[in-house]
Amino acid sequence: MPNKFAWWSQLNFNVKLVFMHVFSSGFAETITRRQIYSAYFFDLTDSHILLGLWASTLGTATLVSNILCGYCADKFGRAKVLKVLGCVGIMMLIVMVSAILSNQIAAQFVLAVFGGCYSGFTSPLQSIFADSIETGNRSFLYSINHACMSAAMAVAQAAMIAAMVFLHNDWKSIHFVLLGGAVGYIPSVVLCFQFDDKRSLGDKSEAMRTIQTQQQHHQDTNNENGAPNNQPDNTVVQLDHHDDENDHDDDDDHGEEGSTNNNQQGQQQQDQERQQASPHSGGSSSGGATELQLATGLFCGLWEVKLSTCIPVVLTVRDWSTALAAGMTVAFFPIFFKEAVGMSPIGVIAVFFGASLVTLTGAMLAQRLSKLVGRVWAIFVFGMIGTVCLFGMAVLQSPLLLAFIFIFRTGSQNATRGLQQSILMDVVPKANRGKWASVDSVSRFAWSGSSIVGGVLIEHIGYRSTFVITAVAYVFVTTSVLTLLSFDLKENTQEKQNKQEE
């Protein structure tokens, strides 16, 4: 009987460490930064605006730390930066315990700074994760990675419910739970010292290939692959140009064809739009990187924009826009259920516990859906479900229905995070992954930047009107992902290529 968990033993060393780090840090963050911490801070200050300012401080520190760590990860190595962040984590733990025991507002802001600095681990962590997975096979492991975070949140919330039962379900006892969450950071800090760049993959984890829109290279690639010369210009080339020398040799072998190709450049430029609209793509190579077949369309294909730049920009702009829209509400959901709905501590935690379970299930369903309709459509469908649910929260009055709708809103909105990261790391070259990971990871905390705006809005127009504003923004942001339909982002092409070669 085959072992269902045999895949775990076959995983790369760094991949296993990432899964463990994500779980341990997710467990601690759920307790010390989310849900009950918002309620703890609100009880301390009785101000939505100050809560928004605290979240903005955390977001700013995270922004600076991630950008700096992403740059250093590319320059000095991912493992070295993670070891430095492990030292930062030790200092953060000391500050966290002091802030919780003192109950001083100023200490909470100092904690936000140190917590944001430690959150810089996201950039090098995601970079070494991508470096340790073969390109073209990322969506499953990225969905598992996202599921680890959701599972950690669910376990943390279950632990908080148990603790609040022991503490008689009293909001004034939250600081004891927060101290327990601080202890949960210890495993993640220790794991920061265990990563090893030497155990990541080589060319197998390099970026996918991008469309070659210049017609003069089409002849050479067709000759190299044995394809007919009359095929449309959807040639695939490697982003890092490892095969430049081989291409030069091919130019020598096919000099006559290359000369003819140069003489026909004027006509080819006129025919370029028609050729880009062709639905076919071809080309293969024996290099380590996986091929990406692209169907050029209405957007990026009209300009000679590299895949490694165009798609990350689209994903990043969408991510940041989503985060800025979410910032007006995310930090205030626990307060909404506590103050407006009148839930007890266990009730609030139970709602978020359900949301974590739905996110965990949704991540795996989204990955399966992506195999049927593609990753872009899966992201769009789940995003629209979350948007509709947020509109529902603005009009429903029943506490039970509100809790139910919120659970599915959160699960749907967060289920496709792994798919989006898999697309990003599939198209970004290894040399730039730290930088792009820093930009991508900052979007997870970019909502902190608009949280102060959300605090002001809630003070003046209330929770439900703020939900409507956020939902309207979600409609435009979610729709923007459809621009990536210009590209056919297929996976596992390396496996298919190997079968053809056999």
Side-chain angles (χ1 to χ4, degrees), residues 26 30 33-36 38-39 55 143 146-147 149-151 153-154 157 318-319 321-343 347-367 369 377-420 443-448 450-451 454 457-458 462-481:
T30 300
R33 292 190 190 177
R34 304 173 185 176
Q35 294 109 49
I36 63 169
S38 295
S143 295
H146 187 62
M149 173 61 75
S150 299
M153 293 172 62
Q157 287 149 356
R318 176 189 177 275
D319 242 14
S321 300
T322 302
L324 290 173
M328 294 183 285
T329 54
V330 169
F332 304 100
F333 279 132
I335 312 303
F336 169 73
F337 285 110
K338 175 179 180 289
E339 300 291 328
V341 182
M343 287 187 175
V348 173
I349 298 170
V351 168
F352 283 90
F353 174 72
S356 298
L357 292 181
V358 172
T359 302
L360 174 62
T361 305
M364 305 313 297
L365 291 177
Q367 198 271 336
L369 180 63
W377 277 114
I379 293 171
F380 173 77
V381 169
F382 275 79
M384 289 305 298
I385 291 174
T387 301
V388 171
C389 289
L390 186 56
F391 276 117
M393 289 188 65
V395 297
L396 294 174
Q397 298 296 327
S398 168
L400 183 60
L401 286 177
L402 280 170
F404 180 80
I405 290 295
F406 173 78
I407 287 172
F408 277 90
R409 183 219 74 89
T410 304
S412 300
Q413 204 73 41
N414 298 327
T416 56
R417 180 68 186 169
L419 291 180
Q420 183 160 313
S443 66
R444 295 174 51 206
F445 303 93
W447 57 266
S448 304
S450 59
S451 58
L457 288 174
I458 290 172
Y463 290 102
R464 297 178 187 274
S465 297
T466 306
F467 292 166
V468 172
I469 295 174
T470 301
V472 170
Y474 275 166
V475 171
F476 294 99
V477 172
T478 302
T479 305
S480 68
V481 76

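If you read the sequence from its start, that first residue is 1, and numbering goes on from there.
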- Atom CD1 in Ile379, atom CE in Met384: separation rounded to 0.5 Å? 14.5 Å
- Take Met149 and Thr30 through the side-chain contact (heavy atoms from CB on, under 4.5 Å) test and state the conclusion after the steps. CA-CA 10 Å; Met149 173 61 75; Thr30 300; 5.5 Å; no
- Distance in Å, Cys389 SG paired with Gln413 CD, rounded so as to fall on 0.5 Å steps: 9.0 Å
- Quick one: CE on Met393 to OG1 on Thr466, what's the gap to the nearest 0.5 Å? 11.5 Å
- Do the rings of Trp377 and Phe380 sit parallel, tilted or perpendicular, given the 30° and 60° boundaries? perpendicular
- Query: Hey, are the side chains of Phe382 and Leu369 touching, using non-hydrogen atoms and a 4.5 Å cut-off?
  - Reply: yes
- Among Tyr463, Phe467, Phe352, whose ring pair (Phe, Tyr, Trp, His ring centres under 6.0 Å) with Phe333 holds? Phe467
- Query: Counting distance only, does the side-chain N/O of Thr329 pair as donor-acceptor with the main-chain N or O of Ala326 below 3.5 Å?
  - Reply: yes
- Query: Are Val395 and Phe391 close enough, and set up right, to give a side-chain contact (heavy atoms from CB on, under 4.5 Å), and what steps lead you there?
  - Reply: CA-CA 7 Å; Val395 297; Phe391 276 117; over 6 Å; no
- For residues Gly327 and Phe332, report the shortest heavy-atom separation together with the two atoms involved. O-CE1, 4.2 Å
- Give the intermediate values and the outcome of side-chain contact (heavy atoms from CB on, under 4.5 Å) for residues Arg318 and Gln420. CA-CA 11 Å; Arg318 176 189 177 275; Gln420 183 160 313; 2.8 Å; yes
- Query: Looking only at heavy atoms, which two atoms of Ala378 and Ala366 are closest? And how far apart?
  - Reply: CB-O, 3.8 Å
- Note on the structure: To the nearest 0.5 Å, atom OG of Ser451 lies from atom CG of Leu324 at 10.0 Å
- Query: Mind checking what makes side-chain contact (heavy atoms from CB on, under 4.5 Å) contact with Val341, not counting sequence neighbours?
  - Reply: Phe336, Phe337, Met343, Pro399, Leu402
- Sequence neighbours left out, what pairs pass side chain to side chain donor-acceptor pair (under 3.5 Å) with at least one residue falling in residues 351-365? Gln157-Ser356
- side chain to side chain contact (heavy atoms under 4.5 Å, CB included) with Ser143: of Leu365, Leu419, Thr416, only one passes, and it is Leu419
- Query: Checking side-chain contact (heavy atoms from CB on, under 4.5 Å) for the pair Thr410/Val358: CA distance, chi angles, key distance, verdict?
  - Reply: CA-CA 8 Å; Thr410 304; Val358 172; over 6 Å; no
- Which atoms form the tightest heavy-atom contact between Ala394 and Val468, and what is the distance? CB-CG2, 3.5 Å
- Quick one: pull up CE in Met364 and OG in Ser150 and give me the separation to the nearest 0.5 Å. 10.5 Å
- For Phe404, which residues count as a ring pair (Phe, Tyr, Trp, His ring centres under 6.0 Å) partner, sequence neighbours excluded? Phe408
- Polar side-chain atom of Arg464 near backbone of Leu396 as donor-acceptor pair, under 3.5 Å: yes
- Task: With rounding to the nearest 0.5 Å, note down the distance linking CD1 in Ile385 to CZ in Arg409.
- Result: 13.0 Å
- Under 3.5 Å: donor-acceptor pair, side chain of His146, backbone of Asn414: yes
- Mind listing the closest non-hydrogen atom pair of Ala325 and Thr470 along with its distance? O-CG2, 3.2 Å
